[in-house]
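Reviewing the structure listed below.
The structure displayed is predicted, hence computed values, not measured ones. For ligands, and for the atoms within them, numbers begin at 1 and follow the listed sequence. Numbers here are sequence positions counted from 1.
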Amino acid sequence: MKTAINKTMPSSAEGMSRVDGRLKVTGAAKYSAEYTPKGLTYGVLAGSTITKGNIIAIDTKAAERAPGVLAVITHLNAPKVPGDQPEKGKAADAKGALKVFYDDKIYYNGQPVAIVVADTFERALFAASLVKAQYKTEKHITSLPDNRDKGFPPRGEGTYKRGTEDAWKLAPFKVEQEYIVPTVTHNPMELHAIIANWDTDNKLTVWDKTQGVKDTQGDLAHLFKLPKENVQVHSQFVGGAFGSALRTWPHEVAAILAAKVVKRPVKVVLSRADMFTSVGYRPFTWQKIGIGATADGKLTGITHEAAGQTSSYENFTEGPTGVSQSLYACPNVNTKYHLVALDIATPTWMRGPGEATGAFALESALDELSYQLKLDPVELRLRNYAQTDPGSGKPFSSKFLNEAYQLGSDHIGWKDRKQEPGTVKQNGWYVGYGMGGGMFGAYRAGATIRAKFNADGTLLLQSAVSDIGPGTGTAMVLIAAEQLGIPAEKIRFELGDSSLPNAPTQGGSATTASVGSAVYKACADLKEKFQKLAGNGATNNPDYTKILKDSGLPSLEVVSETDGGNGMQKYAMNSWSVHFVKVLVNAATGVVKIDKVACVSDCGKVISPKTARSQVIGGAIGGLGMALMEESIIDHRYGRYINNNFADYHVPVNADIPQIDALFVNKPDPIINPMGAKGMAEIALIGMAAAVANAVYNASGKRVRDLPITPDKVMA
Ligand code: MOS
């Protein structure tokens, strides 16, 4: 083990610590499952034991008679969800989210068939084990490789072409290979949880793990046909999500239905096993890349095919082939994306959704090509550097990826890399270096901030936005401190509540760019108001408390709204990343040890250095997990996950993680917003899996194209 990551730099050198760090480490931060409204009851879901078919009978008697049980709800007695009922004029078979307890149909193994509510969690858990369903079983399919011939193009986004199709085939140097990214499940520390309570017949309150309280409010208002203002959503702390809390899931609706039946608050906390079937996952995706280049390393063509799995009742799409369209200057590119509907639950976005999957294939293929060309992989990328967006022809709002390549190769010691694989061996371990990069759209959405400056010199900022862990509150406080020239300690950022001013869902790496813009504007609006108040006495460095005192006002408040900006009309806007990895591969066992990692982000101006660094380290660890250990495995005979627990589903732990250094180009983007800040969440993971695979090849000469890179594959 190298130096522990938190010892590499004194914290004072890294910027402000997170504003809610103390609350989190002392247990004072309250997560959704930790609220205790009066009369709280506990709901536990019972899941289907078959994978496809119908419920023909369901015996709930034993569960109903069990001690402490208040209700057992199934499709036979559940209250109707008004928003789930067929709408006039719409096709009855239109695909959509799973409707819980709607009818007798079973779409996937583990699908909730009942919720048992009791006065304690243990009693509910026991009673749920007594629910027995009988099924009529149909033949199921759960394997993507076995059913790839059933693929179909998603509406509107199946294919892309520029230049000549399959031009790579005519190139003097070419690679054609297939790559597999298996199902990977979001496994945040905090399980998904909700407490639901009907305050009255048409007023609903939930404490819910969600990345967007406003979206959840809208979903629930729609589903239960309530005015939005009658739905209160609280999500003040979220213990990680990575995309799993971007939408409303069946367990949330089940808890709300249960609360309606028992007329008391109901808490539902998913089990770790439930997490594999209930809140999405990164979909199993097969990919094939054909890529060709001239002898001097100029790309002549890329063909990228992808087939990703979805459920039978809903089409989930992402963009795995997007990276091949835009990452490199290449005249001829054609891509094709298909979905394969399986008898499984619907996937969802997971950190770097689409791009992380696509970048594994593209960046691996590019590495393979570099060996054919006998060209340094960094040099190959520089020779195909895109100065403008190859897809749209638009200029980039900013792109300093070339500087990122330089920073990263200097930092990892790239000059020590040998082009010939398997040539460096120390103490029984092969040593190798690899790199892989990626891109992700730099998005920005509208947001509103209420800012109140008080006579005691404190500032309160309010926004509905969630903080799933990146340190949103911290970044917002830092923006306001800089704009107003007041100490950060005087500023409080209130978030995670649907009663607060509008903010986008925390997703797509867009929070700082979006909500930060509104904070920036609120500060400007406050300053203007203060200047007006001060009148003739106005200065550039106003003493806000004095102005308030002189005016006899207790506080000054603004509500400031920003839109998403219109940068994308004229510019292609992206954040860029490149990851450099040094690995050791055991010559006898095939075990891969990560020795050193350097992640370089071109994400515009870094607002909060300390939380930015830890966000990148977190993303890098996610990428290392994807590369080396994460894989949700289904026993296809039964259609059931067999490693749905932390003993068998491996995520990196401290001992797996070496020194990870997060480096930033840290040059502001002049277009996206006044701070110049682009997103950094997704790019921290995108490209990492390829960097590891490429390093493993450089070390050992073994190319692994199906993740994760476990020792058996290295030895094979
Ligand atoms: Mo992220 S996949 O936008 O939570």
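For the pair Lys667 and Phe400, the cation-pi test (distance below 6.0 Å, angle within 45°) is passed. Within the cation-pi definition used here (under 6.0 Å to the ring centroid, within 45° of the axis), Lys30 qualifies as a partner of Tyr35.
Remark: of the listed residues Thr205, Thr216, Val213, Thr205 is the sole one forming a side-chain contact (heavy atoms from CB on, under 4.5 Å) with His234. The residue from Thr346, Asp343, Ile344 that alone fulfils the side-chain contact (heavy atoms from CB on, under 4.5 Å) condition with Ser312 is Asp343.
Aromatic ring orientation, His192 versus His251: perpendicular (interplanar angle above 60°, classes split at 30° and 60°).
Contact shell of ligand 1 (protein heavy atoms, cutoff 4.0 Å): Gln211, Phe242, Gly243, Leu246, Trp349, Met350, Arg351, Pro353, Gly507, Gly508, Glu682.
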Walk me through it: do Lys24 and Glu190 pass the test salt bridge (charged side-chain N to carboxylate O under 4.0 Å, His left out)?
CA-CA 12 Å; Lys24 286 184 168 177; Glu190 184 202 20; over 6 Å; no
